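For reference, the structure is listed below as structure tokens.
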2 protein chains.
Amino acid sequence: MADIAEDLGVSLMTVSKALRHHSDISEKTRKRVIRRARERGYEPNWMARGLATRRTHVVGLVIPDLMHSFFAEIAKGVASVLDPAGYQVTISNSDENPANEERQISTLIARSVDGFLIGSAERDSGGAKIFKSLRIRKIPYVLFDRLPASAGAHYVGVDDEEVGRLATEHLIEQGCRTIVHLRGHEVSTGVDRVRGYRKALARHGFEFSSRYVIRAGNKEESGVEAMRKLLRLTPRPDGVFCYNDAIAACAIRVALEAGLRVPSDIAIIGSGNFRHSDFLCVPLSSVHQSSLLIGRKSAELLIEIMGSEETVPARRILIPPRLVVRESSLRTAK
Amino acid sequence: MADIAEDLGVSLMTVSKALRHHSDISEKTRKRVIRRARERGYEPNWMARGLATRRTHVVGLVIPDLMHSFFAEIAKGVASVLDPAGYQVTISNSDENPANEERQISTLIARSVDGFLIGSAERDSGGAKIFKSLRIRKIPYVLFDRLPASAGAHYVGVDDEEVGRLATEHLIEQGCRTIVHLRGHEVSTGVDRVRGYRKALARHGFEFSSRYVIRAGNKEESGVEAMRKLLRLTPRPDGVFCYNDAIAACAIRVALEAGLRVPSDIAIIGSGNFRHSDFLCVPLSSVHQSSLLIGRKSAELLIEIMGSEETVPARRILIPPRLVVRESSLRTAK
DNA sequence: TCGTTGTCCGCAAGCGTTTTCGTGCCAGCT
DNA sequence: AGCTGGCACGAAAACGCTTGCGGACAACGA
């Protein structure tokens, strides 16, 4: 930068301001400066700039599990808006472990990132003092997908109650009489879907029984067990709404192994609409959630609140889910 | 930091050195400083430090496609060693597009990251001047999974020739007579697997024909088409080795739709051993590649070469693949 | 006593930007 | 002519840390 200044016979300040389109600089010199900078291949030094401005232009993306393509796609969505906006994204993976999550957020705070995008692994029961700590330091953050009660903040996610409703009503329409829900764990997505499930049952005059809500977590292993348990119920359920597609895939397999036909004996629907649903033994119906959109929207929201000086009133953005019907739930003749 | 110095009645320098375990400082004062620092919750400012030392402690991880769980797992492996070592990882996704890749690496260079981990999307035909530019600037980098001819450098990956050999010989052992390879595109992994396939054929006295190597890329869509083409060949192949599991999943479906039985009419094996292989119509045999290990090893290698002042002679680490047999290729009676 | 060595510590000078506050200059007005 | 006000630019300080060097002091051998 000094070199450029010397080249042009102006001061270093002029160069600095010109490059940042500061209003102080005349159109003419700015052009000259910018041109010369390009010629010399000047790149601003981020550390120096950061040191002076106290902003890093780095945002931390905290994800429960990169291996779920759902979250991987969110990461893509996030990058697709943060990249062009000049932000650097650093991803960290909490492995669904709230303790990890806290630790990672802490180290990112120490690294002084400008903002956070958090898909929290925090259980609603959890303390979540980390969010308080973020608020104290006035570090902007947006939560996505999961909304821990303790976090209370900007949020972007799918309308999970609607997810539950869509899936359940679909099963009802397909003529299922006894509908079970393999639920997720105690994060907002899990809870809300249960609520949607209950509401749908109620609306159609079905009786709700807590025996018909079985905890399956969100990993395959736990799904197998939950499904086995489910099949031992009497009367045997003829419709299953699963927390996610991984669980649903298990469910299908367990059902087939038990000699049942899917969907005629038992209809199964998942949620998340993951990439390989088409390739399962029985192509899986699912409630689609646009993870790309979640990523995009949360990134946009974060940029907005990082930009404004004032603290922005908490905002919630809900993305409507969409039913994708494949074979696993299709019992009506076409 | 100044505060701590004042607290203890020592100079700021002493504090700085003490915190970095500089040899200049007596054990006693160091203890005092460190203790006080903890009490006051001191966190070093990375920008300031970076500005002074010209190192950022950030490494760029460039990945062709986060949505492939293969790469997502590599990312996890990388993080699992870089995190504890005090490095920050920023992931960027090239979408299998060499132009994106170059752009992203460039912006990361401008951000002055300390090193790169690159799973290159570069085709072997490509120019790849970006690698030259890295070498000129003496920025350390390690390639993983893919090894573009033009990159010539530290590399960690699976022994892809061995992948091809394992899969092909397995099919031969299962009694397949006409074995086809649905190959990937022009990256090293694709090319090497073809070579392994050929060698295995040769070793067992099978004839090689280029008609039996069909380009399928690495996405599902292209797989369907390739598989259809394959089924029209005469004599009809009875063994298929697919570039990856996504392609293999397609292959199974297309085969079933065509009225063939898998594996008795046609045996199919993939590569990558992805998470949901168990849930396909026919559980998919695959050649497992430990992506976690790839991630780990490359991160370790990078740390090593970032640490040493001298330029380290190029090293290649090959990870042996492992055959995982499930139903889709199992024709011999048990 | 005097140099010599070694240990522990502090001074000063950066690292590459931005920010705040001038300063000179000219146009335009009275 | 004198004043105001806006415009284009520059000087100096700051951001928080590190590095190179030199200084104080004690212990030690001669």
Side-chain angles (χ1 to χ4, degrees), chain A residues 1-37 40-58 86-88 109-114 137-139 306-307 309, chain B residues 1-38 40-58 86 88 107 109-114 137 307 309:
Chain A
M1 204 152 111
D3 294 348
I4 300 182
E6 196 165 355
D7 276 13
L8 267 48
V10 298
S11 93
L12 197 151
M13 302 300 106
T14 311
V15 176
S16 166
K17 289 179 182 168
L19 289 175
R20 281 174 298 135
H21 299 265
H22 194 290
S23 64
D24 255 18
I25 303 299
S26 74
E27 188 64 19
K28 211 179 91 211
T29 42
R30 184 197 311 162
K31 284 262 202 283
R32 289 206 310 152
V33 169
I34 291 186
R35 193 152 142 272
R36 197 95 192 90
R40 298 189 66 118
Y42 167 80
E43 293 281 359
N45 179 318
W46 283 95
M47 313 246 196
R49 178 172 290 181
L51 189 55
T53 59
R54 322 177 117 306
R55 322 191 69 216
T56 58
H57 280 252
V58 174
Y87 286 94
Q88 192 185 142
I109 291 179
R111 292 248 179 196
S112 54
V113 304
D114 280 354
R137 289 165 210 251
K138 294 195 187 307
I139 304 178
M306 285 192 306
E309 289 304 313
Chain B
M1 203 151 111
D3 294 350
I4 300 182
E6 196 166 352
D7 276 12
L8 267 47
V10 298
S11 93
L12 197 149
M13 301 302 105
T14 311
V15 176
S16 165
K17 289 179 181 168
L19 289 174
R20 282 174 297 133
H21 299 263
H22 195 291
S23 64
D24 256 18
I25 303 297
S26 75
E27 188 65 19
K28 211 180 91 212
T29 42
R30 184 196 310 162
K31 285 260 200 285
R32 289 206 309 151
V33 169
I34 291 186
R35 192 151 143 275
R36 198 94 192 91
R38 227 192 281 292
R40 300 188 67 118
Y42 167 80
E43 292 282 0
N45 179 317
W46 281 95
M47 312 253 185
R49 179 172 289 184
L51 190 55
T53 61
R54 321 176 117 307
R55 321 192 69 215
T56 57
H57 280 251
V58 174
Q88 192 184 144
T107 82
I109 291 179
R111 292 249 180 194
S112 55
V113 303
D114 280 353
R137 290 165 211 250
E309 290 302 314

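Protein chains get the first letters and strands the later ones, always in sequence-line order, with residue 1 at the start of each. Both backbone and side-chain heavy atoms feed into the values below; hydrogens, waters and symmetry mates do not. Note that this is a predicted model, so its numbers are computed, not measured.
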Comparing B:Arg54 and B:Val15 on DNA chain C - which has the more 5′ nearest nucleotide: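 Closest to the 5' end, via its nearest nucleotide, is B:Val15.
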Pairwise N/O distances under 3.5 Å, protein to nucleotides 17-20 of chain D:
from, atom 1, to, atom 2, distance (Å)
D:dC17, OP1, B:Tyr42, OH, 2.6
D:dC17, OP1, B:Asn45, N, 3.3
D:dT18, OP1, B:Arg20, NE, 3.2
D:dT18, OP1, B:Arg49, NE, 3.0
D:dT18, OP1, B:Arg49, NH2, 3.3
D:dT18, OP2, B:Ser16, OG, 2.5
D:dT18, OP2, B:Arg20, NE, 3.4
D:dT19, OP2, B:Arg20, NH1, 2.8

Tell me which residues in residues 27-35 of chain A lie within less than 4.0 Å of DNA chain D, going by non-hydrogen atoms.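 Result for residues 27-35 of chain A: A:Thr29, sorted by number.
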Under the salt bridge (charged side-chain N to carboxylate O under 4.0 Å, His left out) test, residues paired with B:Asp24 that sit two or more places apart: B:Lys17
Within-4.5 Å side-chain heavy-atom neighbours: [X] and [Y]:
X	Y	result
A:Ile4	A:Arg32	no
B:Glu27	B:Arg30	yes
B:Arg111	B:Val58	no
B:Ile25	B:Arg20	no
B:Leu51	A:Asn45	yes
B:Tyr42	B:Val15	no

Gap separating the [atom1] atom of [X] from the [atom2] atom of [Y], nearest 0.5 angstrom:
X	Y	atom1	atom2	value
A:Asp7	A:Arg36	CG	CZ	4.0 Å
A:Leu8	A:Asp3	CG	CG	11.5 Å
A:Arg54	A:Asp114	CZ	CG	11.5 Å

Identify the 5'-most and 3'-most nucleotides of DNA chain C with at least one atom closer than 4.0 Å to a non-hydrogen atom of chain B. C:dC8 to C:dG16
Reckon A:Ser26 has a side-chain N or O less than 4.0 Å from the OP1 or OP2 of D:dC9?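 Yes, within the criterion.
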Parallel, tilted or perpendicular: which describes the rings of B:Trp46 and B:His57, with under 30° parallel and over 60° perpendicular? tilted
When the C1' atoms of the five terminal pairs at each end define the local axes, what inter-axis angle does the helix from C:dT1-D:dA30 to C:dT30-D:dA1 show, to 10 degrees? 60°
Partners meeting side-chain contact (heavy atoms from CB on, under 4.5 Å) with B:Thr107 (sequence neighbours left out):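 Counting only residues at least two positions away or on another chain, B:Thr107 forms no side-chain contact (heavy atoms from CB on, under 4.5 Å).
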So which one's nearest nucleotide on DNA chain D is more toward 5', B:Asp24 or B:Leu51? B:Leu51
So with a 6.0 Å cut-off around CZ of B:Arg40, is the heavy-atom count from everything else above 12? yes
